Amino acid sequence: MKMRQNQTKSSGDIPLTEFPGIGARRAEIFAKNGADGTFGLLRCFPRAYENRGNVIPLASGVPGETAAFELTVSSKPDCSFSEKGKRILRFRAFDCSGSCTVVFFNQDYLKSVFSAGAVFRFWGKLKNGRYGAELVSPQFEPVRYGTELMPLVPVYPLCSGLTQKLVRDAELYALTAAAPEGAPQLLPEKVRLGRGLVSNAEAYRMIHRPNDFAEVENAKQYFIYEELFTFAVGLTVAKTMRRSGAAPAFCDVSFDEFTSSLGFGLTGAQKRAIADIASDMSSEIPMARLVAGDVGCGKTLVAAAAAYICMKNGRTCALMAPTGILANQHYAGLAPLFEKFGFRTALLTGALTSAKKRELRERIAAGEFNMVIGTHALITPDVKLPSPGLVITDEQHRFGAAQRARLGGSDGGERPHVLVMSATPIPRTLAMILYGDLDVSLIDEMPPGRKKVDTFVVNESYRARLDSFILKNVSEGGQVYIVCPAVEQPDDAEEDLSESLKDASGYASALGERLPGVRIGLVHGRMKENEKDSVMNMFASGELDVLVSTTVIEVGVNVQNASLMIVENAERFGLSQLHQLRGRVGRGDRKSYCVLVSDSKGDAAVKRLSVMKNESDGYKIAEFDLEQRGPGDFIKAPDGQLRQHGMLRTNMMHLCGDMKTLEQAFEDAEEAVYKDRVLGAEGYENLSEKIEEMLGTGVIV
């Protein structure tokens, strides 16, 4: 599908250096957060709103609760020093119900701001001080005749160098001087009107300067649908592109030799998936199939069957894994299997020396191997895969289309078939939508004999017993995973948060002090890949008893001795993520356990963790998650990235609360692409440009 190559910029997108109070240095800070111009700034949405329009009398204020008060200054500000040397500014203020003392610290310059008789709207917490009610370090705005204050004040995500006032002033200027009417519009008018959404310009005004929460909701609905629609158009186009070109049509092969070599039978779900793949690969239309299933359901064996078809037809197969340790694991399992049939397998990872990589690349190019297993090292320009017939990617959300295309077929010639594996259980209806550019085979049946992992939910009072349970598992030859939500405590963590939020670095150190003699390793996402692989290999080989980690081990090595998984602050993880983590244990003969640690008393958290305790079927867990939280939890990962679809960052899409909205977006996208043919058409340059960006960076997989 051809789209217009020379796109036009929307009018009115002026650089931020032309905004009042924003020079080159501040403009750079804004740009790092995606706001490199007016319309980029308008896309930086508030994370919350302060309801300052709900002004209450002082007498109705509850100590410790934030509220808005409209007060008249009644005394001249007085400056003094505290016992610790802080400068304290105090003055009295009142309304018709009472009076209080307003206090600021180390802000002497405010002395000239507050004069007796002046009226201000304050936003802050009342407290009971030594001399009565106090309002400490409140936000404030002067109340002037003829000037209306915002009832809802937006609160923006900040980084170092920016303040709420600076961002609010910039957003206001963008709304007035730059006019959002010219902002890039991605939703066709037909779609917008058909779904009863506000206009593009109204949505920008309502999200940044709302009059009430109803307007906030209207704006959110617009931007949620805009992102869902754009996402759906991208997948629709990717599906069309993927089906273009020609792939090798493979002859039928007998699986008798393959299945008899396994020593066990295939499940019905595995047989159905293999039949789907064999049918796809018999056609010249390139296969683009997802094999999704729960941890331990046998996806790798299905992929091995696909590779068997490819190699029996005289073509080369490639398997890409996201990490070196997973690539090694696949090699260890598949190389001996394929050797039985006379097929040779190579392993190419970044861990090899330059000389060994060069030698192996030469042998691969010479056709010495039938299958090549590797990491991103496979998709470097100097890897020449002869006659590629099939590309398999493990944990497909780690790879984009542009990366896989480098293995062959991206130049308009013959393309290899593509098979994608994912261990994320996902409801079938949602899978058909989110993987709209892939055909889907779900393996929803587990092989017989898989041991159930007993799951328990405990709170912090069980800490001593948990330590004893760790020692018991280690003494019996088992190994333990401990997963924390953070790498380390942030420097600016609030006191109550820092005490409850477990971080991997601090946890590993404290555990070593509590359990001397236990061999403890630490792995997290900030480590270099070779460092992570080194620690994981030590754990896999039994050199470590306990591995403290962030969720980087969610997709990890198969450790047969791992018998205990402990997840700290479990309420902070999604159910599907918790299920993935639980799947790291129970892979061998040992009785295995998963302990979810949470002090949360919230009804939603308690209910979700109860589901984890009582349910072991990943698909039922996913259905519950979909019912309770909507499809947005599957669309967006905790780090803000699309879990299944590469690196596309979103602002609103994760807020999608129901399947119906998602289905509508895909219906509208297909009609816009196939019937209305809006891409490349006049008036839809912004949408065409966005889709080109998505496809060009490989975010659609």
Side-chain angles (χ1 to χ4, degrees), residues 4 6-49 148 150 152-189 191-192 197-211 215-216 218-227 229-231 640 648-653 655 682-694 696-697:
R4 186 173 300 205
N6 297 315
Q7 308 296 348
T8 59
K9 281 273 185 184
S10 296
S11 60
D13 194 7
I14 60 178
L16 296 190
T17 49
E18 296 183 18
F19 280 46
I22 299 181
R25 187 181 66 82
R26 280 179 173 168
E28 285 181 11
I29 297 173
F30 274 106
K32 288 179 181 178
N33 287 271
D36 54 356
T38 305
F39 302 129
L41 179 65
L42 288 174
R43 299 294 297 194
C44 295
F45 300 135
R47 61 175 175 81
Y49 297 88
E148 187 176 349
M150 282 193 294
L152 296 181
V153 177
V155 180
Y156 294 91
L158 298 178
C159 64
S160 178
L162 299 181
T163 64
Q164 289 294 340
K165 185 178 186 309
L166 179 64
V167 177
R168 287 171 189 151
D169 288 348
E171 296 286 4
L172 176 58
Y173 186 80
L175 285 171
T176 53
E181 288 78 7
Q185 185 163 335
L186 303 179
L187 273 182
E189 278 294 283
V191 172
R192 184 185 72 79
L197 301 170
V198 299
S199 71
N200 193 41
E202 286 177 315
Y204 280 114
R205 198 272 302 165
M206 289 177 177
I207 201 76
H208 292 291
R209 301 279 291 188
N211 290 314
E215 289 196 344
V216 173
N218 285 336
K220 283 184 177 180
Q221 290 307 312
Y222 175 89
F223 290 114
I224 289 169
Y225 205 83
E226 179 193 68
E227 290 194 1
F229 172 80
T230 307
F231 178 66
L648 176 62
R649 292 190 175 273
T650 65
N651 286 308
M652 291 285 184
M653 199 160 74
L655 297 177
E682 186 175 352
Y684 298 99
E685 291 83 3
N686 294 313
L687 179 60
S688 299
E689 185 176 358
K690 182 66 174 178
I691 300 306
E692 279 196 352
E693 177 190 338
M694 292 167 67
T697 55

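None of these values were measured; they are calculated from a predicted model.
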Side chain to side chain contact (heavy atoms under 4.5 Å, CB included) evaluation trace for Phe30 with Leu41: CA-CA 8 Å; Phe30 274 106; Leu41 179 65; 3.8 Å; yes
Can Tyr684 and Gln185 be said to form a side chain to side chain contact (heavy atoms under 4.5 Å, CB included), step by step? CA-CA 8 Å; Tyr684 298 99; Gln185 185 163 335; over 6 Å; no
Start with the C-alpha distance between Arg192 and Tyr222, add both sets of side-chain angles, then the distance that settles side chain to side chain contact (heavy atoms under 4.5 Å, CB included), and finish with yes or no. CA-CA 8 Å; Arg192 184 185 72 79; Tyr222 175 89; 4.0 Å; yes
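The two residues Ala203 and Phe223 make their nearest non-hydrogen contact at O-CE1, 3.5 Å. When all heavy atoms of Glu215 and Asn211 are compared, the closest pair comes out as OE1-N, 2.9 Å. Residues Ala35 and Leu16 approach most closely at O-CD1, 3.3 Å, considering heavy atoms. Closest approach of Ile207 and Tyr49 over heavy atoms only: O-OH, 2.5 Å. A pairwise comparison of heavy atoms in Ala27 and Ile22 identifies N-CG2, 3.7 Å as the closest pair.
Note that CD of Glu189 and OG of Ser199 are 8.0 Å apart. Values are rounded to the nearest 0.5 Å. Going from atom CD of Glu202 over to atom CG of Leu197 covers 11.0 Å, rounded to the nearest 0.5 Å. Here Asn218 contributes atom CG and Arg205 contributes atom CZ; the two are 10.0 Å apart, rounded to the nearest 0.5 Å. For the atom pair CZ of Phe229 and CG of Leu687, the computed distance is 5.5 Å after rounding to the nearest 0.5 Å. Here the straight-line distance linking atom CG of Leu187 with atom CG of Asn200 works out to 8.0 Å at 0.5 Å rounding.
A donor atom on one side chain and an acceptor atom on the other are found under 3.5 Å apart for Tyr204 and Arg43.
Residues Tyr225 and Val191 form a side-chain contact, since some pair of their non-hydrogen atoms from C-beta on lies under 4.5 Å apart. In this structure, the side chains of Leu42 and Leu175 come closer than 4.5 Å at one or more pairs of heavy atoms. Tyr156 places a side-chain heavy atom less than 4.5 Å from the side chain of Glu171.
The closest donor-acceptor contact from the side chain of Thr38 to the backbone of Ala174 lies at 3.5 Å or more, if one exists at all. Between the side chain of Arg168 and the backbone N or O of Pro154 there is at least one donor-acceptor pair closer than 3.5 Å. Under the 3.5 Å distance criterion, the side-chain polar atoms of Arg25 are left unmatched by any main-chain donor or acceptor of Ile29.
A salt bridge does not link Glu226 with Lys690: none of the charged nitrogens is closer than 4.0 Å to a carboxylate oxygen.
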